[in-house]
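Lettering of chains follows the sequences in order, A, B, ..., and the numbering in each one begins at 1.
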Amino acid sequence: MEIAKAYKPKEAEESHYQKWEANGCFAPEINENPDATKYSIVIPPPNVTGSLHMGHALQHTLMDALIRRKRMQGFKTLWLPGTDHASISVQRKIVEQLRAEGETPQKVGREEFLRRAWAWKELYGNTIVEQMKREGASVDWSRHRFTMDESLSKAVIVVFCTLYEEGWIYRGKRIVNWCPFDKTVISDAEVKDETRKDGKLVYLQYPVKDSDKKITVATTRPETMLGDTAVAVNPSDERYKDLIGASILLPLTNREIPIVADEYVDAEFGTGAVKITPAHDPNDYELGLRHNLEQLVIMNDNATMNAAAGADFEGLDRFKAREKVIERFEELGLLEKIDDYEISLPVCERCKNIIEPLLSEQWFCNMDEMREMALDLMKNEGVPHFYPQVPHEKVYTAWLENLKDWTISRQLWWGHQIPAWYDAEGNVFVARSSEDAYIAAGTGDLTQDNDVLDTWFSSALWAFSTFGWDGSEPPAVAGGFNADNQDAENHPSATADGSDLEVFSPTDVLVTGRDIIFLWVSRMMMTTKKFVNKVAFNDAVITGTVLGKDGKPMSKSRGNGVDPLEMFDKFGVDATRIYLASIATGADIKWNDTQIETYRNFANKIWNATRFCLLNSEGAKVDAESIEINSRNETSSADWKKKYELITMSPDELQKIIQKEQNLSIADRWIISRLNKTALGVNRALDKYEFHTAVSLLYHFFWDDFCDWYIELVKDEITKSEPSAVADGLTSLSEISNNELQPPATADGSDLNIEARTRIITIIEQSLRMLHPFMPYLTEELWQKLPNTSNQLHNAAYQSAEQTIMLTDFPSGDKSAIDERAEAEMQAVIDVISKVRNIRAEMQIKPSDKPTIHIAANADAQKIFAQNEAQILKLARAESLVLSEKLDVPKASAKAVTTLAEIALPLEGLIDFEKEIARLENQVNKLEKENEQLRKQLSNANFIERAPAEKVQGIRDRVAEIETQVSALRLNLEALK
RNA sequence: GCCGACUUAGCUCAGUGGUAGAGCGCUCGCUUCACACGCGAUAGGUCACAAGUUCAAAUCUUGUAGUCGGCACCA
């Protein structure tokens, strides 16, 4: 088999995805087990205008890892993909497109505009979807949904009408957040605050009518004075008491406005007198209502001044008008002063333009009922369970508690048009269709509302509208959410019909960013509870933000963005994915190229380790039994005895034979123990969404344990063509037991250690399975190359599927396969090798020089070292091993101590005594330092008394160990001096 | 103004009561027959600061400083 020397990601990424999809691996229907538990995730639908960014890549990686593991575990998994119609963004694209042609939306009309929008969506709307395929995302494309699909749109209409009929949705005139760039209202949740240090507080003097007095008001938006309809003061403010009820002659306008008293005014702030612009400020609006003030709108929808602002100002941009107002006041001698003022401005989340508070008639959704539903879920059931819980649960709850009405209409054309019709008199008819509206109105002469719904209105339904809910099904359970109103027609719900809605809802987990917890997560919880009486999802994994190298959020304007596709090209999809998983701690993280390189190297390491095993795989195959400790032990206790009962044998001898047949060296039992520990840890971590822990466990198991130690320890066994002593003994036994792994003869007649090869291949295979959810391409590529892999290795739920690693059983880890004794014994061997290597490095012994290693240890430990003699000699590059109770070596020896042994390397002529003394002293110092700390603890009577006995004993043992080692090192030092 | 998070090795970050960790970087050595995207061996930290709780604190409590976030206010 020809295998490239280095992993080439692109080759692996080329074909597997297509094959997986073509074979139906992504769809839940691949699961043949009728009793399989479902596991479902809906994707946060990316905007059709979007292209893949690092945040998507991160979230998709996590979702895919979760889905792939569950699928391998035999769950009936569905990861549902889709896209969001993104009202404003698409609208903006089309407006730009029209502008380029010298057209405007108004000129071409709504119909043409929408035609173009759909065409745009068809052409570009799948960009991100295609990019997701590159990621390896195992989503079920047959269930792809778009928020403006027919059934999803129907769901929107039903929800709107239901909420309207129940009185939660209403139309009203309010101060709203107006974006002059997008020319639409936006909701509070879409407004961000931006602090500006260069703000100004302008003090304007208003002359009082029939008086020479003037009242000074302070404002950050002087242009709004053109819409002032009062000046307000605090009723108890002595300075203005006599002016209450008097009138102001409002400069520049020829209008006369009252001076009113209101508790809202803070006498301490500014001048204590406030200009009141009810149509352009929410507080002024409220105050205006209390005092019956006129509401004078002075701006157009693009934030230029309108006729009401006066002929001098009409048509001026709001900021130009601001300048001009200040100029004119100065000319009139009414400009008192201008102070510098740090101000926070509301800006549009998407286009960053400054929001204009504006009086406007809009549709609103009263959130009282749904807020309570969401709060109840959180308080009674703790749903959704946020990961990480802190701070999200608290922030989410606090937000809900203070939730105000939601502005749901938008002055846009692209989106779900509001199902409300008006007759000539302006009467409104909300209906599920125009026909229904005509019937209700008794006339066909109706006009539908021009506005569309907030994009988040349809995404709020995503957790059930995507499963086919369109409100047409009658409820299976009457009411349940509203005791007063159990009208079935108004409360469609799930039916027990095996539909996707019944099977896959509620979803298991939502993975998303913290920026849309309010906009989306909360609203899905609410609407899903209200309309299908289920939770939308049980868990909510909130990822941190991937920041640029400068520690700031990635953005085009900052130029600090990192394109996932570039990373895919440069480092490979798998490296990028596992890197992203490794940083998924929930905290924000700075992008770091060197870290992704680490995982690129890791991918190459996996490739090469597998390559090595494959180059030595003749006669071997993947065989789970080869690494199953348990079944073998069971065999040994019962069957084996039976098998050999005719043979006269002492129990010890029998045990020996069993051990030989098992052919499991300390290294084997050690790596099997490590493998199972890793599997248990990885599963435990993923169950808690601790992706970084899972990755770290896999990384270190594979690289450190498997590659650096296991492969090196068994290398000879695997590569040597002549049979080892152990394997030799195996031959005859295998015949007795009909062992199918009986070593065949190779072409040149030499025997191979098939068992060892099978074992290492099997360990590789298990490792690849565990790595698969993070590195799907690499693992599939390699798995397909392993000898005798087939769909026999699949989880029982996928027995008839085309062979692929993605349907193999995910290793669960076997607690009983953990062998602490083997791990300790292996550690003793590793310690010896490391110490010898340390001596070699410090004494600068050439690689070609092969010293003799003397080890002094007790009988048990000697046995361990004897069993691993070949490995110790090879890995420590030594000639021979001398085992004894006590060291007997020349003075010119370098020495070291481990927990179980004293080590000496006779280095006649090679040793530098100064260096050796320094080396030993260094070790003594380290141990003494540790010892000092431990003894301090032991000398504390309170510690002895109160700490757990186990802990105290542990420290006593360690002290004893240190002292043994120190005295040994001291003796060595004395000998040198 | 209120609430919260963070501060650990040169860098980027793990680590929730019991001997301080990883990757990268640094230093030294190695064309050791899977891998130089590699192998081996070192060095490097008063865990922001201060006080407290505890036999024991990076970890719990309080305070201080800095960084960042959410909410409110913003005449």
Counter-base of [N], judged by Watson-Crick or G-U geometry with both distances under 3.5 Å:
N     : value
B:A34 : none
B:C60 : B:G52
B:A14 : none
B:C74 : none
B:C47 : none
B:C39 : B:G29
B:C6  : B:G66

Taking any heavy-atom pair under 4.0 Å as a contact, classify [X]: base, sugar-phosphate, or nothing.
X        : answer
A:Ser696 : nothing
A:Lys846 : nothing
A:Arg840 : nothing
A:Ile276 : nothing
A:Thr610 : nothing
A:Tyr7   : nothing
A:Arg514 : nothing
A:Lys926 : sugar-phosphate
A:Arg600 : base
A:Tyr264 : sugar-phosphate
A:Cys613 : nothing
A:Glu945 : nothing
A:Ala603 : nothing
A:Lys8   : nothing

Distance criterion of 3.5 Å, no angle test: do you see the side chain of [X] paired donor-to-acceptor with the base of [N]?
X        : N     : answer
A:Lys605 : B:C35 : yes
A:Gln933 : B:U19 : no
A:Thr598 : B:C24 : no
A:Lys715 : B:A34 : yes
A:Glu712 : B:A34 : yes
A:Thr594 : B:C11 : no

Check the distance between [N]'s [atom2] and [X]'s [atom1] and give it to me in whole angstrom.
X        : N     : atom1 : atom2 : value
A:His700 : B:G15 : NE2   : P     : 13 Å
A:Asp193 : B:G70 : CG    : C1'   : 11 Å
A:Lys590 : B:C11 : NZ    : P     : 10 Å
A:Gln965 : B:U19 : CD    : C1'   : 14 Å
A:Phe612 : B:C39 : CZ    : P     : 14 Å
A:Asn942 : B:A56 : CG    : P     : 7 Å
A:Ile845 : B:C28 : CD1   : C1'   : 15 Å
A:Lys394 : B:G4  : NZ    : P     : 4 Å

Using the ring of each side chain (for Trp, its six-membered ring), is A:Tyr579 parallel, tilted or perpendicular to A:Tyr599, with breaks at 30° and 60°? tilted
Run through A:Val233, A:Ile276, A:Leu204, A:Asp228 and flag the one making a side chain to side chain contact (heavy atoms under 4.5 Å, CB included) with A:Val217. A:Leu204
Option passing side chain to side chain contact (heavy atoms under 4.5 Å, CB included) with A:Tyr396 (candidates A:Glu401, A:Arg514, A:Met378): A:Met378
Provide the distance between the two [atom1] atoms, one in [N] and one in [M], to the nearest whole Å.
N     : M     : atom1 : result
B:G45 : B:C3  : P     : 39 Å
B:A36 : B:C68 : C1'   : 41 Å
B:C60 : B:G15 : P     : 12 Å
B:A57 : B:C37 : P     : 46 Å
B:U8  : B:G21 : C1'   : 10 Å

On the ring face of A:Phe943, is A:Lys951 found with NZ or CZ under 6.0 Å from the centre and within 45° of the axis? no
Set out, in order, the CA-CA distance, both residues' side-chain angles and the distance that settles side-chain hydrogen bond (donor to acceptor under 3.5 Å, both in side chains) for A:Glu921 and A:Asn925, then state yes or no. CA-CA 6 Å; A:Glu921 274 174 348; A:Asn925 286 342; over 6 Å; no
Should A:Ile763 and A:Phe702 be marked as a side chain to side chain contact (heavy atoms under 4.5 Å, CB included) after you check the CA-CA gap, both sets of side-chain angles, and the distance that decides it? CA-CA 10 Å; A:Ile763 292 163; A:Phe702 195 86; over 6 Å; no
Could you tell me if the ring centre of A:Phe602 sits under 6.0 Å from that of A:Tyr699? yes
Name the residue closer to the 5' end of RNA chain B, choosing between A:Lys275 and A:Lys951 according to the nucleotide with the nearest heavy atom. A:Lys951
Nearest heavy atom decides the nucleotide; on that basis, is A:Ala232 or A:Arg611 closer to the 5' end of RNA chain B? A:Arg611
Would you say a side-chain N or O of A:Trp703 is under 4.0 Å from OP1 or OP2 of B:A34? no
Does B:G15 have its OP1 or OP2 closer than 4.0 Å to a side-chain nitrogen or oxygen of A:His692? yes
Which nucleotide sits closest to the side chain of A:Ala947: B:G18, B:G70, B:G4? B:G18
